[in-house]
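Have a look at the structure below, then the notes.
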Amino acid sequence: MTKTISDFNGKERFYINKTGLELFDAIRAYGLGIMISGIRYEESEVTIKDVGHAYVLEVDGEPPKEPDEELFAGDENKWRQIFRTFKVRKDAKKKHPKDDLGEIISQNFEKILGIHKRADFIPEIGKRVKEGRTLYQTLDVSAAKGFREEKRSATYHEGSQLEVDRYSWAIAVLGAIHFISWRESVDFMTILIPNPLDVYLLEHREISDRLEKEGVCRISATTTLAHYSVKLAIQIAKRRKAPLVKYDSVIFNVMQKTGRQPKPSGGGKYSLDFLEKFANISQGVEVLERIDRLFPLSRQVKGIQQDIALATAEFLIRPSFENFRRWQGLYIRGYINKKSPLWDKSLLEEIIKNVEAT
């Protein structure tokens, strides 16, 4: 029998209280979930729910007593991205963060589970945290030096680096390794992850794996965010008969490439409400797939195709009549120049209907 989200009520619960660092909070929830469920699908089944002030994890089955060793494998490129500011020295006494992570999880597995059974546990974050670990900007750009602090002095300074308790750091890294989508261009990096409003983790893993195999438009950070969100909405629309996942937004962080290290450029949440409207109609998948094709994957695209992609992204991010008219005008130019096919009238009407409802 197919499971639904409601089947998991009344199970053992774990809590991820929010700190205000949106990316950091979400990846801790995903990280704790994968730590409990394991990689090989042999352990407990987990759902994650956003209840406002916290994420609540509900576990079906007995949580494991030790970690799945596969947790510390994963895409080597993602490990490099997260720890890209860590300098490897031959004479270094400090462990590489990847090795440090393995030790923290392996030696404190049950303790980490235990503290997250408490509904009042809050991560310790500050300039100096006892046995703390660096909260890298790749885990949340708000943690970057100089990003949070007002500059009152005429003298430039980068600000202070935040630290976080080692247990919260460890599950955040796990969540980042296994669930963050890294999309890189020549000038910027975009970090993306769907916010788990009510998510069956196994189903989310399948969606995440599918999205990682697909390219997205990298003309700008905005096209990257919009295109990724469209592809996510397509996956949701195709699963409507078995609604095991529900997301309300995509959390994103953007870093600008400058010199040896990227600099924080901003971040936030993109609401999926507008795209969800298409996912719920009979022609939803067709509408979304048509929008998907408006985003070119090549970095070299110029002219009207680039303009259409930028206008489409702007319209999806802010679906106003003004942005719709601009998008429609560029699309008509593209059709005249034989760069874009004509829309079916019924599909275009669905878009207009939802713009009116926005």
Side-chain angles (χ1 to χ4, degrees), residues 1-8 26 29-30 33-34 37 39 41 45-50 60 178-183 190 192-218 223-252 269-297 309 312-313 315-317 319 340-341 343-355 357-358:
M1 183 176 70
T2 301
K3 288 183 181 289
T4 62
I5 288 172
S6 60
D7 293 330
F8 295 93
Y30 282 119
I34 199 70
S37 68
I39 298 297
Y41 312 131
E45 295 178 344
V46 178
T47 56
I48 305 173
K49 299 183 181 185
D50 187 343
D60 182 17
H178 294 291
F179 294 109
I180 272 181
S181 182
W182 302 80
R183 304 294 174 151
T190 309
L192 305 140
I193 196 165
N195 187 60
L197 187 63
D198 202 343
V199 169
Y200 178 44
L201 189 62
L202 183 57
E203 189 76 6
H204 171 73
R205 283 193 63 190
E206 183 178 327
I207 291 174
S208 182
D209 290 345
R210 285 179 180 271
L211 291 177
E212 282 304 287
K213 295 174 183 176
E214 298 193 31
V216 296
C217 180
R218 291 173 288 176
T223 63
T224 298
L225 171 62
H227 196 193
Y228 175 88
S229 300
V230 168
K231 287 185 176 293
L232 176 64
I234 290 171
Q235 291 298 320
I236 295 169
K238 289 179 176 179
R239 287 168 167 77
R240 276 301 169 201
K241 292 182 180 179
L244 297 175
V245 292
K246 185 167 180 57
Y247 311 107
D248 64 348
S249 58
V250 172
I251 299 170
F252 65 96
K269 279 185 174 181
Y270 166 49
S271 172
L272 292 171
D273 286 351
F274 185 62
L275 293 175
E276 275 276 304
K277 291 182 173 71
F278 299 129
N280 286 318
I281 63 176
S282 58
Q283 293 179 290
V285 173
E286 191 175 353
V287 171
L288 290 166
E289 288 181 339
R290 192 66 180 268
I291 294 172
D292 176 31
R293 292 194 288 272
L294 297 179
F295 290 103
L297 300 183
T312 304
F315 168 57
L316 294 178
I317 300 296
S340 54
W343 273 76
D344 181 270
K345 182 180 178 181
S346 63
L347 299 183
L348 198 57
E349 285 174 348
E350 289 293 347
I351 293 179
I352 296 171
K353 187 191 304 179
N354 285 292
V355 174
T358 299

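Just so we're clear, the structure is a prediction, and the values are computed from it rather than from any experiment.
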Check: S249 main-chain N/O paired with S271 side-chain donor or acceptor under 3.5 Å: no

Closest non-hydrogen atom pair, R218 against T224: CA-OG1, 3.5 Å

Residue pair L275 / A233: nearest heavy atoms and the distance that separates them: CB-CB, 4.0 Å

side-chain contact (heavy atoms from CB on, under 4.5 Å) evaluation trace for E286 with R290: CA-CA 6 Å; E286 191 175 353; R290 192 66 180 268; 5.8 Å; no

Residues R210, E206: salt bridge by 4.0 Å N-O rule: yes

By ring pair (Phe, Tyr, Trp, His ring centres under 6.0 Å) - contacts of F315 (at least two apart): F274, F324, W327

Heavy-atom closest pair, residues F179 and R205: CE2-CG, 3.4 Å

Interatomic distance, T190 atom OG1 to I180 atom CD1 [nearest 0.5 angstrom]: 12.0 Å

Shortest non-hydrogen contact from I251 toward A26: CD1-CB, 3.6 Å

Parallel, tilted or perpendicular: ring planes of Y30 versus H204, cut at 30 and 60 degrees: parallel

Interatomic spacing from CD1 in I236 to CG in L272 - rounded to 0.5 Å: 6.0 Å

Residues in salt bridge (charged side-chain N to carboxylate O under 4.0 Å, His left out) contact with E212, at least two apart in sequence or another chain: K78, R183

Point-to-point distance, once rounded to the nearest 0.5 Å, from OG of S181 to CD1 of I193: 9.0 Å

CD1 on I317 to OG1 on T223, rounded to 0.5 Å: 9.5 Å

Minimum heavy-atom distance between A237 and L288, given as atom pair plus value: CB-CD1, 4.3 Å

Atom of Y228, atom of P194 and distance for their closest heavy-atom approach: OH-CD, 3.5 Å

T47 vs Y200, side-chain contact (heavy atoms from CB on, under 4.5 Å): CA-CA, chis, key distance, verdict: CA-CA 4 Å; T47 56; Y200 178 44; 4.1 Å; yes

From SG (C217) to CG (D292), nearest 0.5 Å: 10.5 Å

Reported CG-to-OH distance for the pair L192 and Y270, which is rounded to 0.5 angstrom: 12.0 Å

